Amino acid sequence: MSAVFVWVETVAGAVVPLSQEALGAGAALTAELQVPLVALVFGENAAAVASDLAADEALVCEDETLTGLRLEPCAALLAKLVRERQPHAVLAPGTIRGRELLAFSAADVGASLQTEAGDIVLQSDGTLQVERPVYAGKLTLTASGSSGSAQFLCLRARAFPPAAPRVDADTPVTRVEPVLGKNDIATKIVEVTSSAGEVSLGDAATIVSGGRGMSANPAQPPPDAPDSAIWKAQHGFEHTLTPLAIELGAAIGASRAAVDAGYIDYAHQVGQTGKVVSPDLYIACGISGAIQHQAGMRSSKTIVAINRDPEAPIFRLAHYGLVGDLYEIVPALTAALRARSGAG
Amino acid sequence: MHVVTFTRSTPDTAARLTVDADGCVSQGDAAMVVNPWDEYSLEESIAQAEDQGGTATAVAIGPEVHEEALRQALAMGANAALRIDDPALAGADSIGWATVAAATVRRLDDVDLVIFGKEAVDVGSDQHQIQTARLLGWPFIGAVSRILELETGAGSMRVERSLEHGKQVLTCRLPAVISVLKDINEPRYPSFMGIRRASRASIPVWSLADLEITLPQALTMEMKLEEPPQRLAEAELLPGTPAEQAAALIARLEKEQVL
Ligand SMILES: Cc1cc2nc3c(=O)[nH]c(=O)nc-3n(C[C@H](O)[C@H](O)[C@H](O)COP(=O)(O)OP(=O)(O)OC[C@H]3O[C@@H](n4cnc5c(N)ncnc54)[C@H](O)[C@@H]3O)c2cc1C
Ligand SMILES: Nc1ncnc2c1ncn2[C@@H]1O[C@H](COP(=O)(O)O)[C@@H](O)[C@H]1O
């Protein structure tokens, strides 16, 4: 009996949203293949979250070596389960951990791996054909695995509809044993800092991004501010963009120029050398729209640009353009949204 | 102490690309540059080697066009460069590639650490580095934002990595493979002397026979490369005072059910 495996990533014991997309993609595939969908959940709290997943079965390992989802024990376990059950395909969210896990164990079991996979097409010989953006999104590559070995896929974020939640799903849970003992593992997690409270760029349905234009803040820096442009931009991210983001439930993004100038942390950088995002709504404020920035946000569903230069390249990509000073438009937008949610 | 980085050349990211009927990509007269993510891995490997009085070696796998990246590495201060080239490489997939990379690392002397960039910005798939580690049987830590301690004598290091939902600090036995992100350092500019030295250096080339390996059968088939459909419409510009612009935008987003 073959199956489709979906690795479900958790952070601090809670399922990350992109895992639901992987389950959604898995459900579509198992319907076509007529095989069961098997969820794999490792680490702390695995059994509790597993029973609520939209899957036919869950394989669960809560051994303490898997806490924090360290790569080596997770990959060894995945490889063992693949060897035992010979699934048709193994899906995982295209997160850092998802990619590492699938690449590591694909090497163990001799499976093909496609990353950033969107649009999975099952072909008559059983191979899975997928598309992914290459050359910074300027081209699309179509590739497939080969039949006769498991096909591993890391999915592009926000490219698949999430699985419908199952209330009282009571998914049958099978406990499995770890493969590696404590002393077989060369790495050790010694400290964890969580930003789980913030909306993360990869999951966000809405992103509000700021660029070099953030330094045009009319607010006056205090006399002791070491650099007035940095102070103005940081103040703008905090007091102008953040209120809009809160109103929209959005994550904060940034251009590389803003990051390199020290306005905001690299974790927020969108683009070729930052994060690739694909929210429903992307609002670019004071960003010119260089090709390398576009590489990170081009696939957003609706793009809004706020820029005082009507010639900025971002207006050739955006759906809606608001030409003007972001420090006037963003507060007006925040106020209008607030009035709307107050009235609604 | 010996640090190895793998790097290659990629088209200048602003290059306009065209694809012909055979799926061959052409970038016109745009330059090849060192893969942008590798500026950080090169810098880190050179800085760590300098720190420890060790050696930094840069390796490219593939045709001569990748010498561009190796000369950049030498100009920045890498101690040695090496290219692996072989006609058989043309059909390799990522496991094939990792087989070559792992064999190269084994062939080099006493490697403590292999540092990769995050991915190749052209057709990279962000898996080569991970599979190289696996084939070496070494631990892998990706998305490293800081090397906090590197003790080659004791055979251990401590690093910080940045995940989607926070940071982790890990300790790790050496030898190991890591990949680094942009926030790990500020890459240096090559010095004039460095560039001169690099342009004169002769870079050895090894074949698969030199490595005494053959490639495993490729499991991934690349089928076609094409330009995605272009969006035709220009942005709809929303005029008026900021308040009017805001109201017009909200109306449109409501209609599209984005809000
Ligand atoms: C290899 C490589 C990789 C790169 N990777 C990335 C990447 O990952 N992400 C990325 O973003 N960039 C990347 N870049 C950099 C990219 O080329 C651009 O330099 C960068 O995106 C520009 O950022 P920006 O739009 O914020 O700044 P600018 O291009 O300076 O644009 C600022 C904009 O703000 C507008 N503005 C100013 N004041 C106001 C105001 N008060 N109100 C409204 N608008 C205002 C201006 O009209 C202008 O259009 C990369 C470059 C290279 C070479
Ligand atoms: N042919 C190659 N030679 C040397 N390094 C490479 C090669 N291909 C990829 N790399 C490096 O491996 C890392 C991951 O690349 P990729 O898996 O292709 O996205 C990047 O740092 C690349 O520069």
Side-chain angles (χ1 to χ4, degrees), chain A residues 11 68 71-72 95-96 99-100 103-104 107-108 111-115 134-136 138-146 149 186-196 200 202 266-267 272-273 280-281 291-292 302 304-305 315-316 318-324 328-329 332-333 336-337 340, chain B residues 11 13-14 17 19 25 36-37 93-95 98 121-123 125-127 130-131 134-135 139-143 158 162-173 176 181-183 219-228 234-238 242-243 245-247 249-250 252-253 256 258:
Chain A
V11 170
L71 177 58
E72 301 153 271
T95 54
I96 293 171
R99 227 163 17 230
E100 291 177 357
F104 226 57
D108 278 359
S112 61
L113 168 60
Q114 318 302 329
T115 58
V134 292
Y135 290 96
K138 285 183 263 190
L139 300 176
T140 304
L141 176 68
T142 306
S144 87
S146 51
S149 59
T187 56
K188 199 159 131 199
I189 301 174
V190 292
E191 204 180 304
V192 177
T193 346
S194 164
S195 59
S200 95
Y266 170 64
Q272 184 169 51
T273 46
D280 295 332
L281 176 61
I291 187 82
Q292 297 90 351
T302 299
V304 175
F315 289 121
R316 291 200 286 277
H319 301 82
Y320 301 110
L322 286 68
V323 177
E328 292 175 12
I329 296 175
L333 188 55
L337 286 165
R340 173 179 171 273
Chain B
T13 51
L17 304 174
V19 196
V25 180
W37 288 104
D93 66 358
S94 68
I95 295 274
V121 297
D122 48 12
V123 292
S125 57
D126 193 5
Q127 55 177 305
I130 305 163
Q131 298 193 325
R134 193 64 193 139
L135 296 185
F140 175 80
I141 303 177
R158 196 160 58 89
S162 300
L163 296 161
E164 288 89 352
H165 299 271
K167 295 187 178 210
Q168 288 181 334
V169 176
L170 296 101
T171 55
C172 180
R173 289 205 289 267
L181 295 180
K182 170 174 172 270
D183 55 352
L219 295 174
T220 290
M221 258 53 74
E222 295 194 347
M223 297 152 81
K224 63 177 186 233
L225 201 53
E226 59 197 348
E227 287 174 48
E234 286 260 306
E236 183 189 354
L237 295 185
L238 306 177
Q245 289 177 303
L249 178 64
I250 290 172
R252 300 230 179 0
L253 296 178
E256 283 190 25
V258 186

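Every chain is numbered from 1, with letters handed out A, B, ... down the list of sequences. Because the structure is a prediction, the values reported are computed rather than measured.
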Pair count under 4.5 Å, heavy atoms only, with chain A: among Ile95(B), Leu249(B), Ile141(B), highest is Leu249(B)

Given Ile96(A), Ile291(A), Thr95(A), Ile329(A), the one with more heavy-atom pairs under 4.5 angstrom with chain B than any other is Ile96(A)

So CZ of Arg134(B) and CG of Leu71(A): to nearest 0.5 Å the spacing works out to 8.0 Å

Rounded to the nearest 0.5 angstrom, the CD-CD distance for Glu191(A) and Gln168(B) is 10.5 Å

The interface call for Gln292(A) against chain B, heavy-atom contacts under 4.5 Å, is side chain

Q: Using modelled atom types only, decide if a donor and an acceptor are shared between the side chain of Gln245(B) and the backbone of Val323(A) within a distance under 3.5 Å.
A: yes

Any side-chain heavy-atom pair from Leu333(A) and Ile250(B) closer than 4.5 angstrom?
yes

Ranked by heavy-atom pairs below 4.5 Å to chain A, first place among Leu181(B), Asp93(B), Val25(B) goes to Val25(B)

| message | In the structure I gave you, are the side-chain heavy atoms of Lys182(B) and Tyr266(A) within less than 4.5 Å of one another anywhere? | response | yes

Side chain to side chain donor-acceptor pair (under 3.5 Å) filter on Ser162(B), not counting sequence neighbours, yields Ser145(B)

ask   = Without hydrogens or angle criteria, can the side chains of Glu164(B) and Ser200(A) be said to hold a donor-acceptor pair below 3.5 Å?
value = no

Ranked by heavy-atom pairs below 4.5 Å to chain B, first place among Thr273(A), Thr302(A), Val192(A) goes to Thr273(A)

Regarding Thr140(A) and Glu227(B), is there a side-chain donor-to-acceptor distance under 3.5 Å anywhere?
no

Most contact-rich option vs chain B, by heavy-atom pairs under 4.5 angstrom, among Ser144(A), Ala111(A), Ser149(A), is Ser144(A)

Tested for side chain to side chain contact (heavy atoms under 4.5 Å, CB included) against Tyr135(A), the lone hit among Val19(B), Thr13(B), Val121(B), Leu17(B) is Leu17(B)

Rounded to the nearest 0.5 Å, the CZ atom of Arg158(B) sits from the OG1 atom of Thr187(A) at a distance of 15.0 Å

### Task
For residues Pro139(B) and Glu72(A), determine if any side-chain heavy atom of one lies less than 4.5 Å from a side-chain heavy atom of the other.
yes

Whatever's closer than 4.5 Å to a heavy atom in chain A on Leu238(B) counts as both

In short, Gly166(B) meets Ser195(A) closest at the heavy-atom pair N-OG, 3.3 Å

Per-residue tally against chain B (heavy atom, under 4.5 Å) across Gly321(A), Ala332(A), Gly324(A), Ser112(A) peaks at Gly321(A)

Whatever's closer than 4.5 Å to a heavy atom in chain B on Ser194(A) counts as both

Under 4.5 Å to a heavy atom of chain A? For Asp183(B) that would be both

Does Gln114(A) reach the side chain of Thr220(B), with side-chain heavy atoms less than 4.5 Å apart? yes

Cut-off 4.5 Å, heavy atoms of chain A, and the answer for Leu225(B) is both

Applying side chain to side chain donor-acceptor pair (under 3.5 Å) to Lys167(B) and not counting sequence neighbours gives none

Here the gap from Tyr320(A) atom OH to Leu237(B) atom CG, rounded to the nearest 0.5 Å, amounts to 12.0 Å

In terms of heavy-atom contacts, Ala143(A) and Met223(B) come closest through C-SD, 3.9 Å

Looking only at heavy atoms, the pair that brings Asp280(A) and Val258(B) closest together is O-CG1, 4.2 Å

Worksheet item: Looking only at atom types and distance, does a side-chain atom of Ser146(A) sit under 3.5 Å from a main-chain N or O of Leu219(B), one as donor and one as acceptor?
Response: yes

If one checks every heavy atom of Ala305(A) against chain B at 4.5 Å, the contacting part turns out to be neither

Here the gap from Phe104(A) atom CZ to Gln131(B) atom CD, rounded to the nearest 0.5 Å, amounts to 10.0 Å

Margin query: Taking the side chain as everything from C-beta on, heavy atoms only, tell me whether Leu170(B) gets closer than 4.5 Å to Val190(A).
Written below: no

Here the pair of heavy atoms bringing Leu135(B) nearest to Ala107(A) is CD2-CB, 4.4 Å

For Gln127(B) and Ala103(A), the nearest pair of non-hydrogen atoms, with its separation, is CB-CB, 3.9 Å

Rounded to the nearest 0.5 Å, the CG atom of Leu141(A) sits from the CD atom of Glu226(B) at a distance of 9.5 Å

- prompt: Are Val134(A) and Asp122(B) side-chain neighbours, meaning at least one heavy-atom pair lies under 4.5 Å?
  reply: no

Validation row: Val169(B), Ile189(A) side chains within 4.5 angstrom (heavy atoms): no

